[in-house]
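Values reported hereafter were calculated over all heavy atoms of this structure, with side chains retained and with hydrogens, waters and symmetry mates removed. First the proteins, then the strands, lettered A, B, ... as listed; each starts at 1. What you see is a predicted model, and the numbers here were worked out from it, not measured in a lab.
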There are 2 protein chains.
Amino acid sequence: MKYEPVVTESVAKQIAEQIRRAITNGTLKADDKLPTESELARQYNVSRPTIREALKRLAAKSLIRSRRGPAGGTFVRAPSAEDMSQDLISSVALMVSLSVFDLTEIAETRHELERVCIRLAVKRRTEAELSRMATEIKLQKDKSLTDEEFCASDVRFHRALVDATHNSVMQFQMFTVIEALQPVENMVIFRFREREKTIEQHEKIWRALRAQDLEKAEKAIDEQMVYLRKSFSQAQEWRRKRDSAETVA
Amino acid sequence: MKYEPVVTESVAKQIAEQIRRAITNGTLKADDKLPTESELARQYNVSRPTIREALKRLAAKSLIRSRRGPAGGTFVRAPSAEDMSQDLISSVALMVSLSVFDLTEIAETRHELERVCIRLAVKRRTEAELSRMATEIKLQKDKSLTDEEFCASDVRFHRALVDATHNSVMQFQMFTVIEALQPVENMVIFRFREREKTIEQHEKIWRALRAQDLEKAEKAIDEQMVYLRKSFSQAQEWRRKRDSAETVA
DNA sequence: TAACAATATTTGTCAAGCAAATCTATGAAT
DNA sequence: ATTCATAGATTTGCTTGACAAATATTGTTA
């Protein structure tokens, strides 16, 4: 007979959870130093390897960092938005590769979020973002750019657009979907998209943003997305054909 | 003189990263069994505790799970959207408590995302979601409900609204901001919001959704958010006063 | 045949210690 | 006296070896 998975959680996990709570509820603050591993082992009445397993769990979530040496030890680390963004992006990438998330849904979400961004950006964009975007557009016109460089510039352009919302939560959310779509988007750009058309759309967005013309801006975003989706389904079609060809062969 | 933090990453971290990549790129699939810890230790030429530290890092990200016994071992676990959502929510909650994210920004993001949701939901809502929402509205009218129960019902109402988009990525994103705002929102409801007004707004949203009337739906959402923000700033004001009073005392 | 017990396998934990990093303080050379 | 090098001291990183607990399998007995 099969046993049900045991309910008792490992000591290491419990300790990790306890420390995590201490961080969450403010008992442990950023840059606070935890006791040494030996000290923790004594306090919790467990061995040092067990403590280490607990700490590694927290380190995996970048809640703590450790340094060796006399002034070293384990310190609480305030997770930055960047850290979390990176984590989230890699998780989403994994789920896309496992087909948990559908690319079509990601594309739709991106479109809708970008519409939101443009609404906010039209109101709040500063010269800083406008000039960042202008720089990228200029760069994109350079015919000697490789496809990789062009894609990277495309990402930077959209990042500047998101930054123009001046809302860090919005940025956080948006980066996730932008990055999750990036592999496919690169493929699309490599195979099907003409640079001229992309640049033209970027310029439309930029002009609308500079003029703070919401209507034109939304139209530009929609147009861009219609085009991206068309290329995107072309790419999927192409990939479908290639896959079925491989199956036959 | 201070040393720069050492560049060499720990062996355990490298191994964890290697296994993570194997999962990401499909070399290891869901429910695949990894070699035993001893076997891995032999393969990587490290000790078992080191392997365990690596595995615990992955377990912390719920990429693997372990069972004891002869048929036990370490198995690759396909992370579900639920897992990830939970992870993300707890991370965001932490960052809110550390003031990395501003509540005003979260509120704005939620408003904008909810506008997006309503746009999609108006087109795609099914009877299932409509009836879930109706159930909650009915429940909310029960005067004997505790504040906690009322809040929980409020969350379920909005969850149904998000589900009506039938876009799992959108749901994923939305749950994050809903949950991140929840503690404050509860406080607001407890102290400042009148239930009748909240219910009235829910009903407006529901009717617009049933009629698939986009204009009315957007208006209802906007109205709700104006009200929420007003209560929200009242609550912040109240908290500010309480804090400064404490400082004086 | 069915219930039960022994056994093997695998993760969980412990113990003690060495290695590597790195800060601090001491001492030597200028 | 000041600066530089060097020798501890301290803390994490890692190893070895072993035992404990969980649990599937296999054999034994009623």
In the 5'-to-3' direction, what one-character label does each nucleotide of nucleotides 10-19 of chain C receive under the scheme B = base within less than 4.0 Å of a protein heavy atom, S = sugar-phosphate only, - = no such atom?
BBBBB--B--

Send over the distance from [X] [atom1] to [N] [atom2], rounded to a whole Å.
{"X": "A:Arg65", "N": "D:dT11", "atom1": "CZ", "atom2": "C1'", "value": "15 Å"}
{"X": "A:Phe75", "N": "D:dT11", "atom1": "CZ", "atom2": "P", "value": "10 Å"}
{"X": "B:Tyr44", "N": "D:dT15", "atom1": "OH", "atom2": "C1'", "value": "19 Å"}
{"X": "B:Arg42", "N": "D:dG17", "atom1": "CZ", "atom2": "P", "value": "14 Å"}

Pair A:Arg124 + B:Glu108, salt bridge at N-O below 4.0 Å
yes

Inspect the contact between A:Arg65 and A:Asp31 and indicate whether a charged nitrogen and a carboxylate oxygen are less than 4.0 angstrom apart.
yes

[X] and [Y]: side chain donor to acceptor below 3.5 Å:
{"X": "B:Thr126", "Y": "B:Glu129", "value": "yes"}
{"X": "A:Asn167", "Y": "A:Thr165", "value": "no"}
{"X": "B:His158", "Y": "B:Glu136", "value": "no"}

Only counting residues at least two apart or in another chain, list the ones meeting side-chain contact (heavy atoms from CB on, under 4.5 Å) with B:Ser99.
none

